[in-house]
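Report on the following structure.
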Amino acid sequence: MEDCIFCKIVNGEIPSEKVYEDDKVLAFKDINPEAPVHVVIIPKKHISSINEVTAEDELLLGHIFTVAKEIAAKLGVSENGYRVVSNCGKDAGQTVPHIHFHMLAGRVLGWPPC
Ligand code: 5GP
Ligand code: ZN
């Protein structure tokens with residue numbers, strides 16, 4: 001997707017502070033962190049949001065959670081805990097139309113998010 005910020009990050013056209021990368025998934029530090037640990041985990045494949053997920057994405061999206069577990073361990077937040085969340089659409093506050101999972105940690109997180 002030509003105009004997608006996260007596709008540009010995948011392609012290296014926009015720099016990012018990478019935390020994890022493999023052939024299918026990239027994770028990088030959020031540019032505007034909402035917690036001491038705020039990582040954005042994305043599939044390299046452009047999927048606009050949860051609304052556009054299909055059955056063929058199931059393995060890929062499952063893999064994201066294996067990666068999330070590894071990132072949490074790497075960043076030392078596994079024991080204290082963390083949140084993984086995906087905003088879908090305007091009411092949820094999705095601003096980048098490339099599916100992504102926020103990993104938030106490093107402080108006590110309120111629930112529900114308002
Ligand atoms: P959303 O609001 O769509 O759930 O989350 C998008 C996230 O991407 C936001 O937390 C925002 O700070 C982050 N973000 C937007 N543009 C960039 C960028 O160019 N680089 C990085 N590292 N994060 C970005
Ligand atoms: Zn994209």
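Counting starts at 1 for both ligands and their atoms, in listed order.
In this structure, Glu34 falls outside the shell of residues with a heavy atom less than 4.0 angstrom from ligand 1. At a 4.0 Å cut-off, at least one heavy atom of His100 sits close enough to ligand 1 to count as contact.
Per-residue contacts place His102 under 4.0 angstrom from the following atoms of ligand 1 (heavy atoms of the residue considered): 1 (P), 4 (O), 5 (O), 7 (C), 10 (O). In summary, the atoms of ligand 1 found under 4.0 Å from a heavy atom of Gln94, numbered by their order in the structure, are 3 (O). Interface of Asn87 with ligand 1, defined as ligand atoms under 4.0 Å from a residue heavy atom, comprises 4 (O).
In terms of protein heavy-atom proximity, atom 16 (N) of ligand 1 is nearest to Ile5 CG2, 4.2 Å. Nearest protein heavy-atom contact of atom 8 (O) of ligand 1 is Phe6 CZ, 3.4 Å. Among all non-hydrogen protein atoms, the one lying nearest atom 24 (C) of ligand 1 is Ile31 CG2, 3.5 Å.
For His46, the N, O or S atom closest to the Zn ion (ligand 2) goes by the atom name ND1. His98 contributes ND1 as its N, O or S atom closest to the Zn ion (ligand 2).
Some N or O of Gly93 is nearer than 3.5 Å to an N or O of ligand 1, by distance alone. Checked by distance only, ligand 1 and His38 stay at 3.5 Å or farther apart across all their nitrogen or oxygen atoms.
For the side chain to side chain contact (heavy atoms under 4.5 Å, CB included) with Met103, the qualifying choice from Val67, Val19, Ile71 is Ile71, the only one to do so. When each of Asp30, Val84, Leu75 is paired with Val39, the side chain to side chain contact (heavy atoms under 4.5 Å, CB included) condition holds for Leu75 and for no other.
Rounding to the nearest 0.5 Å gives a distance of 10.5 Å between SG of Cys4 and CD of Glu13.
We find that Glu56 and Lys45 are joined by a salt bridge, their nearest charged nitrogen and carboxylate oxygen being less than 4.0 Å apart.
There is no path of hydrophobic side-chain contacts, each under 4.5 Å, that joins Phe101 to Phe28. Linking Ile, Leu, Val, Met, Phe, Trp and Tyr residues whenever their side-chain heavy atoms come within less than 4.5 Å places Phe65 and Tyr82 in a single cluster. There is a path of hydrophobic side-chain contacts, each under 4.5 Å, that joins Ile41 to Tyr20. In the hydrophobic cluster analysis, where Ile, Leu, Val, Met, Phe, Trp and Tyr join through side-chain heavy atoms closer than 4.5 angstrom, Val10 is grouped together with Ile14. Under the 4.5 Å side-chain heavy-atom criterion for Ile, Leu, Val, Met, Phe, Trp and Tyr, Ile47 and Val96 are members of distinct hydrophobic clusters.
The option with the heavy atom closest to atom 15 (C) of ligand 1, from among Val96, Ile99, Ile42, is Val96. In this structure, of Val40, Asn32, Thr95, Asp30, the residue bringing a heavy atom nearest to atom 9 (C) of ligand 1 is Asp30.
With the Zn ion (ligand 2) as vertex, Cys7 SG and Cys4 SG subtend 120°, rounded to 10°.
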Show the numbers, then the answer: is there a side-chain contact (heavy atoms from CB on, under 4.5 Å) between Glu52 and Asp57? CA-CA 10 Å; Glu52 282 72 41; Asp57 301 319; over 6 Å; no
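Classified by interplanar angle (parallel below 30°, tilted 30° to 60°, perpendicular above 60°), the ring pair Phe6/His100 is perpendicular.
Contacts with ligand 1 closer than 4.0 Å are made by no heavy atom of Phe101, backbone or side chain. Here Lys29 has backbone heavy atoms under 4.0 Å from ligand 1, and that is the only part of it that gets that close.
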